[in-house]
Amino acid sequence: MKTIGLLGGMSWESTVSYYQALNRGVNRRLGGHHSAKILMFSVDFAEIEDLQREGNWAVAGDLLAQAAQRLQGAGAELLLIGTNTMHKVADQVASAIDIPLLHIADATADALLADDVQRVGLLGTRFTMEQAFYRERLEASGLEVLVPEEDERECVHRIIYDELCQGVIEPGSRDAMLRIMDALAARGAEAVILGCTEIALLVSQQDTAMPLYDTAALHAECAVKHALD
């Protein structure tokens, strides 16, 4: 079994989900008392969030690159960045290490294409929905990507940062998120990407008939496969 390096803490609320998914995934494959070999570097998210708001992605990328190097030095054999938004600096992180970085958008695209989904809605932070780094990576796989309208994007972003990253789950916010998903469906989306690792803390497949793709779960599944195969 390879040792998985996890860059976490962005936010730590969703990093908990990663830890559970990685261990459960290994146990499903191997049974018994098996669990994943994981090395984790959990950042202080306040530092990263300040840099995001300032648009200082180069410094944020350098912080994650240094953390990735520490994980590699400690024995990690593959790397996950446990957040969608910070994949904006994935190339910067990957260039600083010699172990594979498994990209969350690739794991998501593979799952969508395997299910023959062609047009998909994307929910996430404002950065993920509005900037090209994530959407274009999905589109390069052949997917058509729809994002919510401007006021809906602001609503999703606020729910993520003001509530979910703080561990706050509001039923009204779940309703708002589901209405935004319905609007994407009305525009032709065949499925919705939960393109922020915290969104799955708020909504799940049991809440909607729209197929949902939980990026944290898919990312962890991809890592388990690489760690064991």
Side-chain angles (χ1 to χ4, degrees), residues 1-12 14-43 61 63-117 120 122 124 128 133-143 191 193-200 212-229:
M1 187 193 310
K2 295 184 180 70
T3 299
I4 299 167
L6 175 61
L7 285 176
M10 299 169 281
S11 69
W12 71 263
S14 64
T15 303
V16 173
S17 301
Y18 266 93
Y19 186 76
Q20 290 176 330
L22 290 168
N23 283 295
R24 289 171 177 165
V26 167
N27 187 260
R28 278 195 301 271
R29 294 276 295 269
L30 299 182
H33 294 288
H34 284 287
S35 57
K37 294 180 180 179
I38 303 169
L39 289 169
M40 181 170 68
F41 189 106
S42 188
V43 304
L63 289 176
L64 293 193
Q66 292 178 39
Q69 289 172 335
R70 292 174 67 176
L71 287 172
Q72 177 178 308
E77 296 169 273
L78 58 96
L79 183 72
L80 302 180
I81 302 174
T83 159
N84 287 273
T85 297
M86 292 310 296
H87 276 75
K88 181 174 175 67
V89 298
D91 289 345
Q92 186 176 348
V93 174
S95 67
I97 55 178
D98 300 316
I99 58 176
L101 187 155
L102 306 183
H103 200 292
I104 196 169
D106 294 344
T108 302
D110 287 346
L112 288 160
L113 294 171
D115 291 342
D116 201 29
V117 175
V120 65
L122 173 62
T128 300
F133 70 95
Y134 196 91
R135 186 183 65 253
E136 287 186 353
R137 192 157 184 127
L138 294 172
E139 291 171 343
S141 297
L143 294 164
I193 297 171
L194 305 185
C196 174
T197 52
E198 284 83 13
I199 297 178
L212 303 181
Y213 286 75
D214 177 352
T215 52
L218 294 169
H219 203 197
E221 181 181 338
C222 176
V224 168
K225 182 177 185 300
H226 279 78
L228 296 180
D229 291 351

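Glu198 CD to Thr215 OG1: the interatomic distance, rounded to the nearest 0.5 Å, is 9.0 Å. Met40 CE to Trp12 CH2: the interatomic distance, rounded to the nearest 0.5 Å, is 11.0 Å. Atom CG of Leu78 and atom CD1 of Ile99 lie 6.5 Å apart (nearest 0.5 Å). Here Leu218 contributes atom CG and Cys222 contributes atom SG; the two are 9.0 Å apart, rounded to the nearest 0.5 Å. Taking CG of Leu64 as the reference point, atom CE of Met10 lies at 5.0 Å (rounded to 0.5 Å).
For Thr85 and Thr128, the side-chain atoms include at least one donor-acceptor pair closer than 3.5 Å.
A donor-acceptor contact shorter than 3.5 Å links the side chain of Asn27 to the backbone of Gly32. Remark: the backbone N or O of Gly195 is paired with a side-chain donor or acceptor of Asn84 at under 3.5 angstrom. With hydrogens and angles disregarded, no donor-acceptor distance shorter than 3.5 Å links the side chain of Thr197 to the backbone of Thr83. Remark: side-chain polar atoms of Asp214 are paired, donor with acceptor, to backbone N or O of Ala216 under 3.5 angstrom. Glu77 places a side-chain N or O within 3.5 Å of a backbone atom of Thr3 that can act as its donor or acceptor partner.
Looking only at side-chain heavy atoms (C-beta outward), Val89 and Phe133 stay at 4.5 Å or farther from each other. Using a 4.5 Å heavy-atom cutoff, the side chains of Leu80 and Leu22 are in contact. Contact check for Val43 versus Leu63: no side-chain heavy atoms found under the 4.5 Å cut-off. Inter-residue side-chain proximity for Tyr134 and Thr108 is flagged as met; some heavy-atom pair is nearer than 4.5 Å. Contact check for Leu228 versus Leu30: side-chain heavy atoms found under the 4.5 Å cut-off. Looking at Leu102 and Leu79, their side chains never come closer than 4.5 Å, going by heavy atoms from C-beta outward. Residues Leu138 and Ile193 are in side-chain contact: their nearest non-hydrogen atoms beyond the backbone lie under 4.5 Å apart. The closest side-chain heavy-atom distance from Ser35 to Val26 is not below 4.5 Å.
Of all heavy-atom pairs between Lys2 and His226, the closest is NZ-O, 3.6 Å. A pairwise comparison of heavy atoms in Ala191 and Val120 identifies O-CG2, 3.3 Å as the closest pair. Between Ala21 and Ala220 the shortest heavy-atom distance is CB-CB, 3.6 Å. Gln69 approaches Ala96 most closely through the heavy-atom pair NE2-O, 3.2 Å. Contact detail for Gly9 and Ser42: the closest heavy-atom pair is CA-OG, 3.4 Å. Taking both residues in full, the closest heavy atoms of Ser14 and Gly82 are given as OG-O, 4.2 Å, listed atom of the first, atom of the second, then distance.
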Checking Leu39 against Leu6 for the side chain to side chain contact (heavy atoms under 4.5 Å, CB included) test, could you report, in this order, the C-alpha distance in whole Å, the side-chain angles of both residues, the deciding distance, and whether it holds? CA-CA 6 Å; Leu39 289 169; Leu6 175 61; over 6 Å; no
Show, in sequence, the C-alpha distance, side-chain angles and deciding distance for Arg29 and Asp229, and conclude whether the salt bridge (charged side-chain N to carboxylate O under 4.0 Å, His left out) test is met. CA-CA 11 Å; Arg29 294 276 295 269; Asp229 291 351; 2.6 Å; yes
Does the pair Tyr213 and Leu194 meet the rule for a side chain to side chain contact (heavy atoms under 4.5 Å, CB included), with working shown? CA-CA 6 Å; Tyr213 286 75; Leu194 305 185; over 6 Å; no
Audit row: Leu143, Leu112, side chain to side chain contact (heavy atoms under 4.5 Å, CB included) steps and yes/no: CA-CA 8 Å; Leu143 294 164; Leu112 288 160; 3.7 Å; yes
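If you run side chain to side chain donor-acceptor pair (under 3.5 Å) between Asp106 and each of His219, Arg137, His87, only Arg137 comes through.
Phe41 CZ: more than 12 foreign heavy atoms inside a 6.0 Å radius.
Contact check on Lys225 versus Glu221 returns no salt bridge, with no Lys/Arg side-chain nitrogen under 4.0 Å from an Asp/Glu carboxylate oxygen.
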